[in-house]
Amino acid sequence: MADNTFDAIVIGSGISGGWAAKELCEKGLKTIMLERGKNIEHIKDYKEANKEAWDYPHRGERTQKMIKDYPALKRDYPLNERNLDWWASDIESPYTETKRFDWFRGYHVGGRSLLWGRQSYRWSDLYFEENAKQGIAIDWPVRYKDIEQWYSYVEKIAGVSGSKEGLAELPDSEFLPPMEMNCVEKDVAARVKEHFKGSRKMIIGRNAHATIPLNGRQCQYRDKCWFGCPFGGYFSTQSVTLPAAMKTGNLTLRPWAIVTKILYDKDKKRATGVEVLDAETNKTYTYNAKIIFLNASALNSAWILMNSATDVWPDGLGSSSGELGHNVMDHHLGVYASGEFEGYLDKYVYGRRANGVYIPRYRNFFGDKRDYLRGFGYQGGASRERGPQVAEYAIGVDLKEAMTEPGPWYFGMGGFGETLPYHDNKITLDKNKKDKWGLNVLNFDCELKENELKMRKDMQQDAREMLEASGLKNIQSGDNEPYLGRGIHEMGTARMGKDPKTSVLNKWNQVWDAPNVFVTDGAFMASAACQNPSLTYMAFTARAADHAVSELKKQNL
């Protein structure tokens, strides 16, 4: 096989790209995985994993120079001193905004699989069917029965901890033992259940952590996940899918490889390979393959498609439906409530649990009807504040003694709301702005609309209501800046559907106009639900890879 020719190309090495590489390699395909950023080796390159805040000049916080250099990243928590180089540079990789969008990216091997919140939830048909029932956008071309076995497949490998609840709105997974709620969370959960007569449920979060030994991995309750886990406690490309792919001997990993376009044969109506710009040398290379999996993240995957086959379609490969780059979705955040919980002063938490509680969606389900569509869930938890609580104890021996005494318990929760797939929420190529490598950047024209703004009122009021019903004191609530992007759950730019006239992909994640190109990151989503989407990307990726190899063997690709 020539140095630049493979059976398969995987573009991107994050959650879905890692799964694509693993599945294709294990099915015997010689595969190259292209990553635009640097390599990060498991364990060896987790340089921050065993450091504490006091090991840093500014205690791990942000500096004025960082604030200046990262005008987008500074808008939320990712800007910090500890793992700054795991977030894409706003200077090297800028974007423009017709309307504000907070885009937080990780350009390195593993992508945001090293940085994600690890919350892992299945979809039920209550979500897959809503578009069709409500006449919103287009119908999903699949249902839960099509994905159920693939959820089970990826869960057994990734490892998802959680409790079996038998909820129609949130199907149970193949669970590892759940992490435990602390005493205050258990109390609040019981009070919420009683007050709302079971219509609202608080459960332990379902997260991709090995709570028992799993193929040499196990969570250590350190809660240092986003610095990389030397114990492989949580699922990442580095801890799970990359080692599996490498073990086959079929994988070639190529970092510093910016894919600028997919090469397309208009006579055969097939992709033939990709063009790559070396991020270090600025030299251009081509790689050829029979199938291509595009997993650069929802926004960058759309960018690559927009730059491909422009001699056939001016707006890019997959644009014939007029939907490429449209229907941008994210979960809208920033609505919260918190308060003080009296009692349990003789209790404390165990370890540093890398998880919290979850309240699944209950609005517009089971007979509830609001003046908006869809709904929201909450994530949060209880913790006990540590001293000192008295101003006079701010120095000296008294300070040290006060530091050993924990303060009162607090409980807080934040909403994750669903955004509808609006056609006019879109990204386009900005031909007037270039990045470090002379490539056109993305322009964002996306916003929350009336439906989401109505929803946010309920998100805040319901949160207060639950805390009040649970007896909390000094409750505070608010609605921070309602901008898209902060959920870091970008979706929808190349949606799947039943008709090539209204969608970019078919039900197997294949580009209608190039069936040997599969898109299995968040770009394929036809709606957003309100729960974290990464588990769904994993399941669809494994399913698409199985289909791709089957079709390849039949010589249909």
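- Looking only at atom types and distance, the side chain of Tyr372 has a donor-acceptor partner in the side chain of Asp458 under 3.5 Å away.
- Between Asp146 and Arg543, no side-chain nitrogen of the basic residue sits less than 4.0 Å from a carboxylate oxygen of the acidic one, so the salt-bridge criterion is not met.
- With rounding to the nearest 0.5 Å, the separation of CG in Asn83 from CG in Leu115 is 6.0 Å.
- Here the side chains of Met181 and Val357 are in contact, with some heavy-atom distance below 4.5 Å.
- Summarising the local packing, OH of Tyr350 is surrounded by 12 or fewer heavy atoms from other residues, nucleotides or ligands at distances under 6.0 Å.
- Considering only residues two or more places apart in sequence or on other chains, Glu81 meets the side-chain contact (heavy atoms from CB on, under 4.5 Å) condition with Tyr56, Pro57, His58.
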Next item on the list: Please lay out, stage by stage, how Asp172 and Arg206 fare under the test salt bridge (charged side-chain N to carboxylate O under 4.0 Å, His left out).
Entry: CA-CA 10 Å; Asp172 290 328; Arg206 298 173 176 179; 3.1 Å; yes
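- Under the 30°/60° scheme for interplanar angles, the aromatic rings of Trp123 and Tyr127 are found to be tilted.
- Checked by atom type and distance alone, the side chain of Arg495 never pairs as donor or acceptor with a backbone atom of Met525 at under 3.5 Å.
- Here the side chain of Ser301 pairs no donor or acceptor atom with the backbone of Ala298 at under 3.5 angstrom.
- Ion pairing between a basic and an acidic side chain is recognised when a charged N comes within 4.0 Å of a carboxylate O; Glu342 and Lys473 show no such pairing.
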Check: Yes or no on side chain to side chain contact (heavy atoms under 4.5 Å, CB included) for Tyr107 and Asn300, after CA distance, side-chain angles and deciding distance?
Finding: CA-CA 11 Å; Tyr107 291 161; Asn300 280 320; 2.9 Å; yes
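- Judged purely by atom type and a 3.5 angstrom limit, Asn509 uses its side chain to pair as donor or acceptor with the backbone of Val519.
- We find that Glu130 and Arg361 are joined by a salt bridge, their nearest charged nitrogen and carboxylate oxygen being less than 4.0 Å apart.
- With 3.5 Å as the limit, one finds a donor-acceptor pair spanning the side chains of Asp187 and Tyr344.
- The aromatic ring centroids of Phe376 and Tyr378 lie less than 6.0 Å from each other.
- In this structure, Ser161 contributes its side chain and Leu176 its backbone to no donor-acceptor pair below 3.5 Å.
- In this structure, Lys449 is positioned above the aromatic face of Tyr422, its NZ or CZ under 6.0 Å from the six-membered ring centre and within 45° of the axis.
- Contact between Met179 and Cys219 at its shortest, heavy atoms only, is CE-SG, 4.0 Å.
- At most 12 non-hydrogen atoms from other residues, nucleotides or ligands lie less than 6.0 angstrom from CD of Glu180.
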Next item on the list: In sequence, state the C-alpha distance, the side-chain angles, and the governing distance for Glu447 and Lys426, and then conclude on salt bridge (charged side-chain N to carboxylate O under 4.0 Å, His left out).
Entry: CA-CA 9 Å; Glu447 63 182 353; Lys426 66 183 188 294; over 6 Å; no
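- Other residues, nucleotides and ligands place more than 12 heavy atoms under 6.0 Å from the NZ atom of Lys164.
- Residues Tyr121 and Asn207 have side chains that never bring a donor and an acceptor to within less than 3.5 angstrom of each other.
- Taking a 6.0 Å sphere around CD of Glu468, one finds it holds more than 12 heavy atoms contributed by other residues, nucleotides or ligands.
- With hydrogens and angles ignored, the 3.5 Å screen pairs a side-chain donor or acceptor of His331 with a backbone N or O of Ala528.
- Judged by distance alone, the side chains of Ser173 and Glu155 do bring a donor and an acceptor atom under 3.5 Å apart.
- Taking the six-membered ring for Trp and thresholds of 30 and 60 degrees, His326 and His423 have nearly parallel ring planes, at less than 30 degrees apart.
- Between Tyr95 and Phe444, a ring centre-to-centre spacing shorter than 6.0 Å is recorded.
- Asp445 and Thr98 form no side-chain donor-acceptor contact under 3.5 Å, judged by distance and modelled atom types alone.
- There is a side-chain donor-acceptor pair under 3.5 Å between Thr541 and Thr520.
- A salt bridge does not link Arg486 to Asp330: none of the charged side-chain nitrogens sits closer than 4.0 Å to a carboxylate oxygen.
- Not a single donor-acceptor pair under 3.5 Å links the side chain of Asn131 to the backbone N or O of Asp139.
- The pair Lys51-Glu48 meets the salt-bridge criterion, since a charged nitrogen lies less than 4.0 angstrom from a carboxylate oxygen.
- Results of the salt bridge (charged side-chain N to carboxylate O under 4.0 Å, His left out) test with Glu185 over Lys347, Arg384, Arg353, Arg191 single out Arg353 as the only residue that passes.
- Gln476 and Ser338 are not linked by any side-chain donor-acceptor pair at a separation below 3.5 angstrom, with hydrogens and angles left out of the test.
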Notebook entry, point to check: Do Arg112 and Ser236 pass the side chain to side chain donor-acceptor pair (under 3.5 Å) test, and can you show the C-alpha distance, the side-chain angles, and the key distance before you say yes or no?
Noted result: CA-CA 9 Å; Arg112 287 178 299 194; Ser236 68; over 6 Å; no
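- When atom types are taken as modelled, the side chain of Asn182 and the backbone of Val349 share no donor-acceptor pair closer than 3.5 angstrom.
- Aromatic ring orientation, Trp86 versus Tyr46: perpendicular (interplanar angle above 60°, classes split at 30° and 60°).
- The distance from atom CG of Asp479 to atom CG of Leu453, rounded to the nearest 0.5 Å, is 8.5 Å.
- Seen from the ring of Trp103, Arg105 counts as a face-on cation partner, given the 6.0 Å and 45° thresholds.
- Considering only heavy atoms from C-beta on, Thr419 comes within 4.5 Å of Leu448 through its side chain.
- Residues Lys457 and Glu452 are not paired through a salt bridge, judged by the lack of any N-O separation under 4.0 Å between the basic side chain and the carboxylate.
- Under a 4.0 Å N-O distance rule, the pair Glu169/Lys201 qualifies as a salt bridge.
- Using a 3.5 Å distance cut-off with no hydrogens or angles, the side chains of Ser534 and Trp116 do not pair a donor with an acceptor.
- Between Phe524 and Phe540, the two ring planes are tilted [angle within 30° to 60°].
- The pair Glu61-Arg82 does not meet the salt-bridge criterion, since no charged nitrogen lies less than 4.0 angstrom from a carboxylate oxygen.
- Separating the OG1 atom in Thr502 from the CD1 atom in Ile138 is a distance of 4.5 Å, to the nearest 0.5 Å.
- A donor-acceptor contact closer than 3.5 angstrom links the side chains of Asn443 and Thr96.
- Both tests hold for Arg100 against Tyr483: distance to the six-membered ring centre under 6.0 Å, angle to the ring axis within 45°.
- When only modelled atom types and interatomic distance are considered, Ser477 and Arg464 share a side-chain donor-acceptor pair under 3.5 Å.
- For the pair Arg118 and Tyr234, the cation sits on the ring face: its NZ or CZ lies under 6.0 Å from the ring centre, inside 45° of the axis.
- Side-chain atoms of Ser163 never come within 3.5 Å of backbone atoms of Pro178 as a donor-acceptor pair (strictly under, hydrogens ignored).
- Panel note: side chain Asp102, backbone Arg75; no donor-acceptor pair is recorded below 3.5 Å.
- Looking at Met496 and Ser503, their side chains never come closer than 4.5 Å, going by heavy atoms from C-beta outward.
- Between the side chains of Gln134 and Arg374, at least one donor-acceptor pair of N or O atoms lies under 3.5 Å.
- We find the CE-SG distance between Met329 and Cys446 to be 11.0 Å, quoted to the nearest 0.5 Å.
- Interatomic distance, CZ of Phe366 versus OG of Ser199, reported as 10.5 Å (0.5 Å rounding).
- Thr493 places no side-chain N or O within 3.5 Å of a backbone atom of Val328 that could act as its donor or acceptor partner.
- Annotation: side chain of Tyr358 is not in contact with side chain of Ile204 (no heavy-atom distance under 4.5 Å).
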